[in-house]
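Everything below concerns the one structure shown next.
Residue numbers begin at 1 in each chain, while the letters A, B, ... track the order of the sequences.
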Amino acid sequence: MTLTAELLLQTLASGLLMGLIYALVALGLTLIFGVMDIVNFAHGEFLMLGMYASFWGFSLWALDPLFSLPLTALGLFALGAIIYRLVVRRIIAAPMLSQIFTTFGLMILLRGLAQFLWKPDHRMVDRSLVEGHLSFGGVQLGTPQLVAGLGAVVTTVGVWWFLKRTRLGAALEATAADREAATLMGIDSQRMFALAWGIGAACAGIAGALLSAFFPIFPEVGANFILTAFVVVALGGFGSVSGTFWAGILVGVVEVMGGFLVDPAFKLVFVLSLFLLVVLWRPHGLMGKA
Amino acid sequence: MRSPFRVSSVVALALAQILGSGAAQAEEEIKIGIIYPLTGAAASTGLELKNAAELAAEIVNRATPGLDIPLAAGAGLPHLKGAKVKLVVADHQGNPQVGASEAERLITQEKVVALVGCYFSSVTVTASQVAERYGVPFLNPESSSPRLTQRGFKWFFRTTPHDDLFVTNFFEFLKDVEKKKGVRPKRIAIFNENTEWGSETAKLEEKLAREQGYAVVEKILYPAKSTQLTSEVQRLKAASPDLVMQSSYLGDAILSIKTYKDLGFSPEALLANDAGFNDSEFLKTLGKDGNFALSREVWALDLAARKPLVKQANDMLQARYQVNFNGNSARTFTGIITLADAIDRAGSTSPEAIRKALQETNIPGDRIIMPWKGIQFDATGQNVHGAGIIVQVQDGKYVTVWPFPLASKDVIWPMPRWEKR
């Protein structure tokens with residue numbers, strides 16, 4: 001194998017872009033966990049629904065995934081909030097095992113529904129608005145991946161801004177920090193939880209929309225991403241937005257570079273070893289608070 | 001006062017009727033268990049296989065005159081008083097443990113007389129172990145791991161050729177191309193998914209390539225459920241092979257082609273190992289990006305030019321499910337026909353009789369929709385008449401390009417680089 005600086009740079013860049021997507025998928029997960037301590041196993045399915053929403057928008061109304069993205073995000077937001085109202089609300093005080101079973105069951109339900117309604121076929125958005133690739137001094141990057149990476153950054157910054165700079169965001173963070181105290185201050189925790197689910201699902205939906213330009217779409221697609229997303233959430237420190245962002249990038253780069261430099265068969269081994277190391281030395285993740 | 005005699009005779013009569021009707025029903029329906037991946041990553045393939053199996057069962061069950069396939073002419077199985085074949089469908093989800101437990105359920109609870117499956121070699125391994133333990137015939141139409149027929153099993157039969165033969169075919173093809181076109185790929189890269197099928201194939205490809213003097217410049221085994229194949233494709237690019245030999249399932253096959261294009265990786269030829277590359281979804285999803293891929297096959301629609309039977313059967317599948325046969329579904333179809341033929345000749349549903357009949361199977365090549373010389377099993381249960389072909393995607397269609405005498409189009413080699421398409 002001839003290693004050139006160009007190949008290394010290109011691999012690094014690809015890893016970085018993939019990492020941004022991982023970060024966005026994990027962002028929704030970490031938000032829900034941070035606010036209400038519930039692990040949402042159905043999160044990968046929100047991603048899948050976002051991808052299908054983009055696909056149907058494209059194939060039925062010739063809407064490019066980028067144009068339908070706001071609708072996808074809104075739709076997923078509504079779905080997340082509704083799922084909270086109908087299902088999750090009832091298990092907030094339940095034992096952890098019931099919570100796991102509930103979101104796990106939700107995962108199986110959504111996956112099964114997708115397969116039932118849309119068949120197990122693999123789909124693809126085949127004439128996307130952004131196509132081809134751009135070259136930067138020999139480093140060739142797919143335009144859809146670049147756009148997806150950019151979209152992921154914008155969304156993450158947006159969520160961060162919302163949490164840190166708006167009243168509603170502050171209320172959400174307050175609920176995450178101490179639900180009872182927040183309630184005493186007049187914050188409606190039910191509303192905050194629904195909001196967290198809405199934003200969480202919308203993040204996954206946006207990730208799905210961005211991915212749909214270059215990743216095959218099928219009912220099981222969430223499973224491919226969810227394991228990595230869990231690693232990112234834990235690595236970033238449960239509930240930390242900026243931690244998740246950096247952890248996502250780190251995981252993407254380690255996976256792609258490790259696979260490239262050593263052996264692709266072990267690419268997940270590198271990610272999970274990194275995870276173990278961080279957990280050993282910083283049990284609260286890279287940026288989590290003890 | 002009722003006489004005890006009258007009561008008991010009424011009971012006896014009722015019992016006789018129940019038993020009688022039960023026996024008649026048992027002969028009317030013969031249950032065959034089929035185990036395929038109906039959910040999970042390969043669910044779309046599994047559905048195609050199930051549909052093909054059901055078409056085969058219908059051809060056996062209904063009189064289909066004019067179709068020269070065993071058991072097509074009459075209704076049902078003539079040696080079993082016209083009994084019908086009933087398929088009991090099970091889903092293994094791509095999981096070997098599930099495959100084994102479903103096989104057990106079909107045998108012990110559904111009382112199937114034989115099993116068919118499972119597409120994934122890894123699942124066929126476990127499911128057929130269960131059949132072997134219970135002494136129930138297991139017919140495998142489409143798993144190609146060579147190991148399957150090297151286990152000394154008594155109840156296992158396989159109609160498809162296995163990977164040893166297919167991989168040998170690859171190198172025969174390369175030799176023929178060299179003779180005809182004067183091109184020889186000096187540097188070969190092996191790019192396979194990392195379950196049993198992909199890794200066993202990689203071993204054999206590497207061995208044969210070295211024996212025949214090709215340089216294997218890269219060998220990559222990757223997890224099929226990857227979120228990205230960038231690391232893999234970058235390694236391929238760095239190795240700059242003339243030829244990539246690839247074994248992939250559907251999702252990863254699609255992702256790999258997308259990644260080749262994104263990263264501008266253009267070897268002279270891409271020689272794929274069936275599966276994902278031959279799935280009906282592959283071209284539907286990739287469109288023109290799927291062009292020029294070579295893939296080994298056991299079957300292609302353009303074989304119809306030489307075999308009217310192929311077109312007849314395909315028309316029936318089209319009418320029922322609006323899809324064409326492909327290499328996987330044509331083999332499943334052939335497997336069900338082969339098993340039904342054996343059950344019929346056995347004239348009984350006893351496992352031993354069916355096993356013996358399978359062993360004596362002798363279906364000539366012109367009565368199957370495969371490009372084989374026929375179906376006859378050796379002592380290991382392997383069909384000895386199987387043979388492969390190589391197809392290429394040209395203008396969005398699979399065309400047979402090898403063996404050259406059977407080819408409907410000339411092979412395009414080298415394939416154009418991405419920027420020139």
Side-chain angles (χ1 to χ4, degrees), chain A residues 1-4 7-8 10-11 13-15 17-18 21-22 25 108 111-112 115 119-124 126-127 131-133 135 140-145 211 214-221 223-229 252 255-268 270, chain B residues 37-48 93-94 191-194 199 217-240 250-255 257-259 261-265 276 279-282 284-289 418-419:
Chain A
M1 188 168 86
T2 43
L3 256 185
T4 60
L7 267 171
L8 273 176
Q10 169 134 25
T11 312
S14 299
L17 291 180
M18 205 63 220
I21 293 285
Y22 289 162
V25 178
I108 291 174
R111 204 179 277 184
Q115 190 163 308
K119 296 194 287 177
D121 294 354
H122 284 60
R123 322 272 191 162
M124 195 109 217
D126 52 3
R127 287 179 314 280
E131 263 191 328
H133 29 245
S135 286
Q140 179 176 313
L141 291 172
T143 326
Q145 282 88 339
L211 269 172
F214 61 96
F215 205 87
I217 301 160
F218 48 99
E220 301 267 316
V221 69
N224 292 31
F225 287 87
I226 198 67
L227 177 69
T228 313
E255 182 186 332
V256 177
M257 282 302 266
F260 174 63
L261 290 174
V262 186
D263 187 335
F266 299 124
K267 60 187 183 185
L268 279 179
F270 299 117
Chain B
L38 299 172
T39 57
S44 55
T45 308
L47 186 66
E48 280 180 350
Q93 304 163 13
F191 185 35
N192 290 6
E193 61 84 43
N194 67 1
S199 48
V217 291
E218 183 62 275
K219 178 180 156 189
I220 296 175
L221 299 175
Y222 68 92
K225 274 194 182 171
S226 283
T227 50
Q228 50 88 12
L229 291 171
T230 308
S231 357
E232 288 81 353
V233 176
Q234 288 288 56
R235 272 183 87 94
L236 287 177
K237 236 177 121 177
S240 64
L250 182 58
D252 40 321
I254 294 170
L255 188 59
I257 299 282
K258 282 297 234 186
T259 313
K261 190 181 175 188
D262 283 339
L263 298 174
F265 173 59
D279 194 291
S280 309
E281 294 288 315
F282 178 74
K284 245 203 289 183
T285 313
L286 278 172
K288 65 178 171 40
D289 288 347
W418 288 105
E419 59 271 21

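The contact between A:Y22 and chain B is made entirely by side chain atoms (from C-beta outward), counting heavy-atom distances below 4.5 Å. Only the backbone of A:V262 comes within contact range of chain B, with heavy atoms under 4.5 Å apart. Using a 4.5 Å cut-off between heavy atoms, B:I220 touches chain A through its side chain atoms alone. Of the two parts of A:Q145, only the side chain, counted from C-beta on, holds a non-hydrogen atom closer than 4.5 Å to a non-hydrogen atom of chain B. Proximity to chain A involves both the backbone and the side chain of B:K225, based on heavy atoms less than 4.5 angstrom apart.
The CZ atom of A:F215 lies 6.5 Å from the OG1 atom of B:T227; values are rounded to the nearest 0.5 Å. Between B:L221 atom CG and A:D263 atom CG the span is 7.5 Å, to the nearest 0.5 Å. Put simply, CG on B:L263 and OG on A:S14 are 5.5 Å apart, with the number rounded to the nearest 0.5 Å. Distance check, rounded to the nearest 0.5 Å: CD of A:E255 to OG1 of B:T230 gives 8.5 Å.
Contacts of B:S226 classified as side chain to side chain donor-acceptor pair (under 3.5 Å), with partners at least two apart in sequence or in another chain: A:K267. Taking A:P216 as the reference, A:H122, A:M124, A:F218, B:I254, B:L255 meet the side-chain contact (heavy atoms from CB on, under 4.5 Å) condition, with sequence neighbours excluded.
Comparing A:M18, A:Q10, A:R123 by how many heavy-atom pairs each has under 4.5 Å with chain B, the most go to A:Q10.
The shortest side-chain heavy-atom distance between A:I21 and B:Q228 does not fall under the 4.5 Å cut-off.
When all heavy atoms of B:G40 and A:E220 are compared, the closest pair comes out as CA-CD, 3.3 Å. The shortest heavy-atom contact between A:L7 and B:K237 is CD2-CB, 4.3 Å. What you find for B:R235 and A:G259 is that their closest heavy atoms are CD-O, 3.6 Å.
In this structure a side-chain-to-backbone donor-acceptor pair under 3.5 Å is missing from B:E281 to A:P120.
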